[in-house]
Amino acid sequence: AYTPAPVIRLGGANRFETSRLIAQRMLAQGLATRSSLWVATGANFPDALSAGAAAANQRVPILLVNGTASGLDSATSSFINSTLRSDRVY
């Protein structure tokens, strides 16, 4: 018989924070590796959408970033530096 898993809603103040929360959850549950990271612009949804299947196949979290900004925001930079042991960023 089918037994549904409990649903856990993750949501941040914006799509960028939500992507960090999802990545944290994936890492905490052992669903993602800490050695690689995919980055996609959150300003244009097809970028993240097209990367999703490939990242999932490689067990790599995707972080959304502001593709129009000149650099990473402090929260994303802190997440990468303190949580991930990324030597490869895609």
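Quick caveat, the model's predicted, so the values are computed rather than measured.
Atom OG1 of Thr68 sits about 11.0 Å away from atom CG of Asn44, to the nearest 0.5 Å. Taken to the nearest 0.5 Å, the CD atom of Gln29 stands 12.5 Å off from the CD atom of Gln24. One distance of note links CZ of Arg15 with CG of Asn66; it measures 9.0 Å at 0.5 Å rounding. Atoms CZ and OG1, from Arg9 and Thr18 in turn, are 10.0 Å apart once rounded to the nearest 0.5 Å. To the nearest 0.5 Å, atom CG of residue Leu21 and atom CZ of residue Phe79 are 9.0 Å apart.
Counting only distance, with no hydrogens or angles, the side chain of Ser78 and the backbone of Ser74 share no donor-acceptor pair below 3.5 Å. Side chain of Asn81 to main chain of Ser77: a donor-acceptor pair is present (N/O by atom type, distance under 3.5 Å, no hydrogens or angles). Judged by distance alone, the side chain of Thr33 and the main-chain N or O of Val60 form no donor-acceptor pair under 3.5 Å. Side chain of Arg34 to main chain of Thr83: a donor-acceptor pair is present (N/O by atom type, distance under 3.5 Å, no hydrogens or angles). Here the side chain of Thr76 pairs no donor or acceptor atom with the backbone of Leu72 at under 3.5 angstrom.
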Next item on the list: Kindly determine whether Leu37 and Ile80 satisfy side-chain contact (heavy atoms from CB on, under 4.5 Å), including the steps that lead there.
Entry: CA-CA 9 Å; Leu37 171 69; Ile80 292 170; 3.7 Å; yes
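Contact annotation: the side chain of Thr41 never approaches that of Leu64 to less than 4.5 Å [non-hydrogen atoms, C-beta and beyond].
Sorted by first then second residue, the salt bridge (charged side-chain N to carboxylate O under 4.0 Å, His left out) pairs that include residues 56-65, not counting sequence neighbours, number zero. For residues 17-41, the set of pairs meeting the ring-ring contact (aromatic ring centres under 6.0 Å, His included) definition, not counting sequence neighbours, comprises Trp38-Tyr90.
Under the 4.5 Å side-chain heavy-atom criterion for grouping Ile, Leu, Val, Met, Phe, Trp and Tyr, Ile8 is connected to Leu31 within one hydrophobic cluster. Val39 and Leu27 fall within the same hydrophobic cluster, defined by Ile, Leu, Val, Met, Phe, Trp and Tyr side-chain heavy atoms under 4.5 Å apart, directly or through other members.
Annotation for Ala23 and Leu63: closest pair CB-CD2, 3.9 Å, computed over non-hydrogen atoms.
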